[in-house]
Amino acid sequence: MLNLVIFGPPGSGKGTQSAKIAEKYRITHLSTGDLLRQEVEHDTPLGKEIRKYIDKGLLVPDEIVLREIKQQINGQEGIPGFIFDGFPRTINQAEAFDRMLDQNDTPLCLVISVEVEEEELFNRLMGRSEDSGRSDDSDEIIKRRLKVYKEQTFPLISYYKAQGKIATIKGMDPVEQVFGKICHAIDTYLCSRKVLPVVY
Ligand code: ADP
């Protein structure tokens with residue numbers, strides 16, 4: 001099974017790249033952001049609860065996110081793999097995820113970390129805010145999301161480095177070029193089970 005995580009700050013292009021990876025490698029794209037927004041759209045009590053966090057630019061509590069992920073991966077044995085986009089986002093989520101994968105005997109292959117400079121991230125997110133229709137794409141909330149990323153999600157890089165699973169991709173180039181670098185990292189893994197630490 002090809003289990004991948006794509007990791008990066010808001011605005012790093014995770015969603016765009018994940019869709020391309022899912023298509024090329026025929027694996028399932030699981031975006032926690034999309035799953036949580038769907039729940040919000042349904043306007044259920046759970047959706048209302050989730051909305052409080054997303055609208056403030058804060059992380060949704062781990063237990064809610066973990067429940068969503070479990071629902072998605074259980075009962076999907078035999079499929080070629082997953083690309084997890086926006087998950088895990090805290091050390092606690094990563095530890096729970098490791099246990100989940102262990103139980104299913106489907107280890108994580110590679111964590112693709114997309115690096116983009118902070119000023120560029122802010123500009124991209126502000127730039128897309130008019131068409132995205134997302135309630136969390138406003139000046140103040142974007143700043144909060146970037147701060148939350150640094151404080152709660154960035155430490156995952158060391159977590160996965162210690163497992164020898166991180167391939168760092170420089171993400172400042174155009175979409176196709178970044179995609180080419182990601183494919184290079186995935187193909188190297190598939191051919192030789194080697195993780196390229198950095199792809200420039
Ligand atoms: P971005 O990466 O641009 O912030 P996402 O669609 O991945 O966009 O996430 C949007 C929001 O959804 C986050 O700000 C957060 O509130 C919530 N969210 C998504 N994934 C997680 C997660 N793994 N843990 C907690 N909250 C999450």
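Values below: all heavy atoms of this structure, side chains included; hydrogens, waters and symmetry mates excluded. One-based numbering, in listed order, for ligands and for the atoms of each.
- Of the protein's non-hydrogen atoms, the one nearest atom 2 (O) of ligand 1 is Lys14 NZ, 2.8 Å.
- A salt bridge links Asp173 with Lys181: the distance from a Lys NZ or Arg NE/NH1/NH2 to an Asp or Glu carboxylate oxygen falls below 4.0 Å.
- Remark: Lys20 qualifies as a cation-pi partner of Phe179 under the 6.0 Å distance and 45° angle criteria applied to the six-membered ring.
- Ring to ring, Phe7 and Tyr160 are not that close: their centroids are 6.0 angstrom or more apart.
- Taking any N or O of Val60, backbone or side chain, at least one lies under 3.5 Å from an N or O belonging to ligand 1.
- The protein heavy atom nearest to atom 20 (N) of ligand 1 is Thr32 OG1, 2.8 Å.
- A donor-acceptor pair shorter than 3.5 Å cannot be found between the side chains of Asp85 and Thr32.
- Taking atom 14 (O) of ligand 1 as the reference point, the nearest protein heavy-atom neighbour is Arg145 CG, 4.0 Å.
- Looking from atom 9 (O) of ligand 1 to the surrounding protein, the closest heavy atom is Arg89 NH2, 3.5 Å.
- Between Pro10 and ligand 1, no N or O atom pair is found at a separation short of 3.5 Å.
- By the 3.5 Å distance cut-off applied to N or O atoms, Asp85 is not counted among the residues near ligand 1.
- Taking OG of Ser12 as the start and CE of Met172 as the end, the distance is 12.0 Å to the nearest 0.5 Å.
- Only one option out of Lys147, Lys150, Lys143 pairs with Glu118 in a salt bridge (charged side-chain N to carboxylate O under 4.0 Å, His left out); it is Lys150.
- At a heavy-atom cutoff of 4.0 Å, ligand 1 is contacted by the side chain of Arg128 but not by its backbone.
- Under 4.0 angstrom from ligand 1, the non-hydrogen atoms of Val65 all belong to its side chain.
- Scanning all protein heavy atoms for the shortest distance to atom 24 (N) of ligand 1 gives Gln93 NE2, 2.9 Å.
- In terms of polar-atom proximity, defined here as any N/O pair under 3.5 Å, Arg37 does make such a contact with ligand 1.
- Ion pair Arg99/Asp102 not flagged as a salt bridge, since none of the NZ, NE, NH1 or NH2 atoms sits closer than 4.0 Å to an Asp/Glu carboxylate oxygen.
- Here Arg134 has side-chain heavy atoms under 4.0 Å from ligand 1, and that is the only part of it that gets that close.
- Residue-ligand proximity, Leu36 to ligand 1, at heavy-atom distances under 4.0 Å covers atoms 17 (C), 18 (N), 19 (C), 27 (C).
- Contact check on Arg124 versus Glu120 returns a salt bridge, with a Lys/Arg side-chain nitrogen under 4.0 Å from an Asp/Glu carboxylate oxygen.
- The shortest distance between side-chain heavy atoms of Val40 and Lys48 does not fall below 4.5 Å.
- The protein non-hydrogen atom at the shortest distance from atom 16 (O) of ligand 1 is Leu58 O, 2.6 Å.
- A salt bridge links Arg145 with Asp137: the closest approach of a Lys/Arg side-chain nitrogen to an acidic carboxylate oxygen falls below 4.0 angstrom.
- Heavy-atom contacts of Ile54 reach the following atoms of ligand 1: 12 (O), 16 (O) (cutoff under 4.0 Å).
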